[in-house]
Trainee: 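Okay, handing you the structure first.
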Amino acid sequence: MSNNTSDLKKSLEILKKYWGYDAFRPNQEEIVDDAINGHDVLALLPTGGGKSICFQVPGLAREGITIVISPLIALMHDQVNNLKKNGIRAIALTGGMSYREMDITLDNARFGGYDFLYTSPERLKSELFIERFKTMPVNLLVVDEAHCISEWGHDFRPSFLEIAAIRQYHPEVPLLALTATATKRVQEDIIHHLQLRNPKIHEASFKRDNLIYNVYKSVNKLENIISFCQENQGVGIVYCQTRRSVKDVARILLSKGIPCGYYHGGLNMEERNLMLQRWMREEARIMVATNAFGMGIDKPNVRFVLHYELPMSPEAYFQEAGRGGRDGRNSVAICYYEPHDGIELLEKVAMQFPEKDKIIHVYRALCNFLRLAIGSGQNEVFSIDIKVFIKQYNLEYIEAYNSLKILELNGYIVLSEGILNPTKVKFLVNNRELYNFQVSQERFYPLTALLLRTYPGIFDYYQTIHDFELCNRLKIPMDSLKSQLEKMQELGVIDFSWRSEDPTITFLQPRWNDNELRLKPEIYRLRKENAENKARKMLSFCEDEICRAQQIIEYFGQKSEPCGKCDACLRNMFSEFNFNNLLKVLETKRRYSELLQIFPDSEASLKHALRLGLNEEKIKYKDEYYSLL
């Protein structure tokens, strides 16, 4: 509980006013109180633990603006939109903004126009940001996904190492670092690299009593998944590692009459939103997806999370499996594992680290594709159509993508995921000047008049424009609308950015000559060893007959007793098949497929025992479940 009653009352009032909750979840209240009282904080909350509340409430409780640093652009947009819906002033600095829009946004932040400003760590190095930041009334610095600062984390970003440098401009402002997955070594790195001062450390338990982890060894995991989805009518997710697997699994489930959607990074934003909405409304109760699906998506009643292919690390598995059972009801996470999967996982790790000459070739091709001269490009952001780039230079997709990630690890570039940056417009002239423009340039009158009627704040702020709706109302084609906006920008009447959902490349350094490009061997070697170790930990999780929950919890440095519910626990408890052991297992209702996993070498005996139990009325069978009478 808070030592300061007034602070607690204030934070609860904010929680109720903006989010409608009467009380905090476990661990949230203590984190919020420490941040309000000006302490540096490291908070470790597993997926679904309500991290955003932990900094949004103190951000509103303290006077001034909260700066939120995050590597996930899609999540930034999601949180900004949610804050706006709740009547909270928030904005994100992203690569889709023009220089003028960023300049105006930072000025508005400086003069109290926003409560929250979201940005990526790369933006913190720009002169434009630093000069505005120096005079902002900052009340709290927040670093989300803080594990990215550690070379031992599963998602290291070199740009995170620069975050601590901005603290010198507001040394009195507390910093709150949050992550869902961090081992003890990663926690130490976060504290060290962010220069946290006597931090208050809050670590939630990684134990999820309502989530049962299972690993089912299989000779045909696709058949297993089909059977499971047919037998279970709840909402679920099937995770795959590649877009091809997503398409194949979804196609087969649909052919079997199982209502499902699919989601991967190759879909455009309209397709992603359609799939997400169908799943949220449970028109498609199962989502087949890559790990692109899940970040910022909060559906509490997910009853199962199935893995068709092994994730690359225990961190990734814990986050993905953790999307089940957020409503507190029982849910199951099943990892299907065929004999060759271990070899394939280690091969995927090796593919993440192309040879140096191939990386340099991709770097040269990228710079040429973007028409970047040697010595230029530092701090510039470019949209890039990856498919066009790869086709133009005849590159292998996986090799090119992983080469870009190695260049990112070495601090040359940052590759950001593709998100929808909508069309934005702001008038740069006043009312009188606009009137004169309309008189002298009559062909633009219908468009300018419609913009004024539809977006009343367009003189003061950049407005998100619904271009399809404008075209319908003006009865003009899309290319005509874009042409008119471009001409108005040329004439200095507006500033605008056209919608895009391409990924972006940020050049952290100017273009180098090929023979001057240096790939730090220690980073390459360290990251490869780290990735291999995590993959082997993932294999151990599947292969060792040790409690699944216990393995995960102890991986993150916490202690745990066996859960007594997972497949490993049940096999250890009932190592021999006999009728009495079967009755003990059936104290909890089980499907036949579950019983086969518990007693994998006793199918004939199992069938005989089930028939015997039914005949003697010791066992009942209802709705495809066996249980005790």
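Treat the numbers as computed from the prediction; the structure is a model and nothing was measured.
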Trainee: Report the C-alpha distance between M287 and C260 in whole Å, list the side-chain angles of each, state the deciding distance to 0.1 Å, and finish with yes or no for side-chain contact (heavy atoms from CB on, under 4.5 Å).
Mentor: CA-CA 6 Å; M287 184 68 84; C260 71; over 6 Å; no
Trainee: How far apart are the closest heavy atoms of V305 and A321, and which atoms are they?
Mentor: CG2-O, 3.8 Å
Trainee: Apply the test side-chain hydrogen bond (donor to acceptor under 3.5 Å, both in side chains) to residues S150 and D189: give CA-CA distance (whole Å), side-chain angles for both, the deciding distance (0.1 Å), then the verdict.
Mentor: CA-CA 6 Å; S150 173; D189 274 0; 2.7 Å; yes
Trainee: Counting only heavy atoms not in Y262, do more than 12 fall under 6.0 Å of its OH?
Mentor: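 Open: at most 12 neighbouring heavy atoms sit under 6.0 Å from OH of Y262.
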Trainee: Is there a side-chain contact between P158 and N410 (heavy atoms, below 4.5 Å)?
Mentor: no
Trainee: Can a donor-acceptor pair be found, under 3.5 Å and without considering hydrogens, that links the side chain of N402 to the backbone of M351?
Mentor: yes
Trainee: Do V143 and L178 have side-chain heavy atoms sitting under 4.5 Å apart?
Mentor: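 SC-SC contact between V143 and L178 ruled out.
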Trainee: Rounded to the nearest 0.5 Å, what separation is found between the CD1 atom of I225 and the CD1 atom of I252?
Mentor: 10.0 Å
Trainee: So, the side chain of N232 versus the backbone of C229: is there a donor-acceptor pair under 3.5 Å, distance only?
Mentor: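 The answer is no, because no donor-acceptor pair under 3.5 Å joins these two groups.
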Trainee: Take D567 and R571 through the test salt bridge (Lys or Arg N to Asp or Glu O under 4.0 Å) and record every step on the way to the result.
Mentor: CA-CA 6 Å; D567 66 294; R571 269 195 294 276; 2.4 Å; yes
Trainee: Do the side chains of E203 and K184 get close enough for a salt bridge, i.e. N-O under 4.0 angstrom?
Mentor: yes
Trainee: For Y625, give me all partners under side-chain hydrogen bond (donor to acceptor under 3.5 Å, both in side chains), at least two apart in sequence or on another chain.
Mentor: R591
Trainee: Roughly how far, to the nearest 0.5 Å, is CG of L610 from CG of L595?
Mentor: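 That separation rounds to 6.0 Å.
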Trainee: Please report the interatomic distance CD1(I69) to CZ(F160), rounded to the nearest 0.5 Å.
Mentor: 8.0 Å
Trainee: Once you round to the nearest 0.5 Å, how far does CG of L415 lie from CZ of R157?
Mentor: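 Nearest 0.5 Å value for the CG-CZ distance: 8.5 Å.
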Trainee: If we ignore hydrogens and angles and just use 3.5 Å, is the side chain of N572 paired with the main-chain N or O of A568 as donor and acceptor?
Mentor: yes
Trainee: Just wondering, do E309 and D341 contact through their side chains at under 4.5 Å, heavy atoms?
Mentor: no
Trainee: How many angstroms lie between OH in Y213 and CD in Q551, if you round to the nearest 0.5 Å?
Mentor: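 Atom-to-atom, Y213:OH and Q551:CD are 11.5 Å apart.
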Trainee: Please name the pair of heavy atoms, one in A609 and one in L582, separated by the smallest distance, quoted to 0.1 Å.
Mentor: CB-CD2, 3.6 Å
Trainee: Is the shortest distance from a Lys or Arg side-chain nitrogen in E554 or K559 to a carboxylate oxygen in the other one below 4.0 Å?
Mentor: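 The answer is no: the pair does not qualify as a salt bridge.
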Trainee: For residues E338 and V219, determine if any side-chain heavy atom of one lies less than 4.5 Å from a side-chain heavy atom of the other.
Mentor: no
Trainee: When the ring planes of F541 and Y317 are compared, do they come out parallel, tilted or perpendicular, using 30° and 60° as the limits?
Mentor: tilted
Trainee: With distance as the sole test, does Q28 use its side chain to make a donor-acceptor pair with the main-chain N or O of R25 at under 3.5 Å?
Mentor: yes
Trainee: Taking the inter-plane angle between the rings of F318 and F206 on a 0 to 90° scale, is it parallel (under 30°), tilted (30 to 60°) or perpendicular (over 60°)?
Mentor: tilted
Trainee: Any side-chain heavy atom of T183 sitting closer than 4.5 Å to one from Y555?
Mentor: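 Contact flag for T183/Y555 side chains = yes.
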Trainee: Write down the atom of L83, the atom of A90, and the distance for their closest heavy-atom approach.
Mentor: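 Closest pair (atom of L83, atom of A90, distance): CD1-CB, 3.7 Å.
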Trainee: Are F556 and E315 packed together at the side-chain level, in the sense that at least one heavy-atom pair is separated by less than 4.5 angstrom?
Mentor: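 Sidechains of E315 and F556: in contact.
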Trainee: As an exercise, state the distance from NE2 of H307 to SG of C542, rounded to the nearest 0.5 Å.
Mentor: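 Atom-to-atom, H307:NE2 and C542:SG are 10.0 Å apart.
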Trainee: Looking at K51 and E145, does any basic side-chain N land under 4.0 Å from a carboxylate oxygen?
Mentor: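 Yes.
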Trainee: For a salt bridge (Lys or Arg N to Asp or Glu O under 4.0 Å) check, start with the C-alpha distance between E532 and K537, then their side-chain angles and the critical distance, and finish with the verdict.
Mentor: CA-CA 9 Å; E532 288 171 344; K537 286 286 187 183; over 6 Å; no
Trainee: Going through the checks in order, is the side-chain contact (heavy atoms from CB on, under 4.5 Å) test met by Y393 and V362?
Mentor: CA-CA 9 Å; Y393 289 91; V362 170; over 6 Å; no
Trainee: Is there side-chain contact between T290 and Y239, with heavy atoms separated by less than 4.5 Å?
Mentor: no
Trainee: Hey, mind stepping through L310 and Q241 against side-chain contact (heavy atoms from CB on, under 4.5 Å) and telling me if it holds?
Mentor: CA-CA 7 Å; L310 299 182; Q241 287 296 299; over 6 Å; no
Trainee: State, to 0.1 Å, how close S245 and C240 come at their nearest heavy-atom pair, and which atoms those are.
Mentor: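 Shortest heavy-atom separation between S245 and C240 comes out as CB-CB, 3.7 Å.
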Trainee: State whether the number of non-hydrogen atoms from other residues, nucleotides or ligands found under 6.0 Å of E283 atom CD is greater than 12.
Mentor: yes
Trainee: Taking NZ in K207 as the centre, count heavy atoms belonging to other residues, nucleotides or ligands within less than 6.0 Å. Is the count above 12?
Mentor: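 Not more than 12 within 6.0 Å, no.
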Trainee: Would you call the rings of Y621 and Y626 parallel, tilted or perpendicular, taking 30° and 60° as the class edges?
Mentor: tilted
Trainee: Do you know which of R303, R326, R208 makes side-chain hydrogen bond (donor to acceptor under 3.5 Å, both in side chains) with S331?
Mentor: R303
Trainee: Salt bridge (Lys or Arg N to Asp or Glu O under 4.0 Å) for E603 and K607? Distances and angles first, verdict last.
Mentor: CA-CA 6 Å; E603 185 169 7; K607 287 180 178 178; 3.7 Å; yes
Trainee: Would D209 and K565 pass as an ion pair if we require N to O under 4.0 Å?
Mentor: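 So D209 does not pair with K565 through a salt bridge.
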Trainee: Would you call Q550 and E561 a side-chain contact if the rule is heavy atoms closer than 4.5 Å?
Mentor: no
Trainee: Yes or no on side-chain hydrogen bond (donor to acceptor under 3.5 Å, both in side chains) for S159 and E122, after CA distance, side-chain angles and deciding distance?
Mentor: CA-CA 6 Å; S159 52; E122 293 77 32; 2.5 Å; yes
Trainee: What are the two closest non-hydrogen atoms of S70 and D144, and how far apart are they?
Mentor: CB-CB, 4.2 Å
Trainee: With a sphere of 6.0 Å drawn around NZ of K358, does it hold more than 12 non-hydrogen atoms of other residues, nucleotides or ligands?
Mentor: no
Trainee: Please confirm whether the backbone N or O of Y308 pairs with a side-chain atom of K221, one donor and one acceptor, at under 3.5 Å?
Mentor: yes
Trainee: Checking side-chain contact (heavy atoms from CB on, under 4.5 Å) for the pair N224/Y216: CA distance, chi angles, key distance, verdict?
Mentor: CA-CA 9 Å; N224 296 144; Y216 287 171; 5.8 Å; no
Trainee: Using a 3.5 Å distance criterion without hydrogens, assess whether the side chain of S313 forms a donor-acceptor pair with backbone atoms of A316.
Mentor: yes
Trainee: Angle class for the Y401/Y397 ring planes (parallel below 30°, perpendicular above 60°, tilted otherwise)?
Mentor: parallel
Trainee: Identify the heavy atoms of I212 and C566 that sit nearest to each other, and give their distance.
Mentor: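 Heavy atoms only, the tightest pair is CG2-CA, 3.9 Å.
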Trainee: Closer than 4.0 angstrom, basic N to acidic O: yes or no for E282 and K299?
Mentor: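 Salt bridge present between E282 and K299.
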Trainee: Would you please indicate if the ring centroids of W279 and F293 are separated by under 6.0 Å?
Mentor: yes
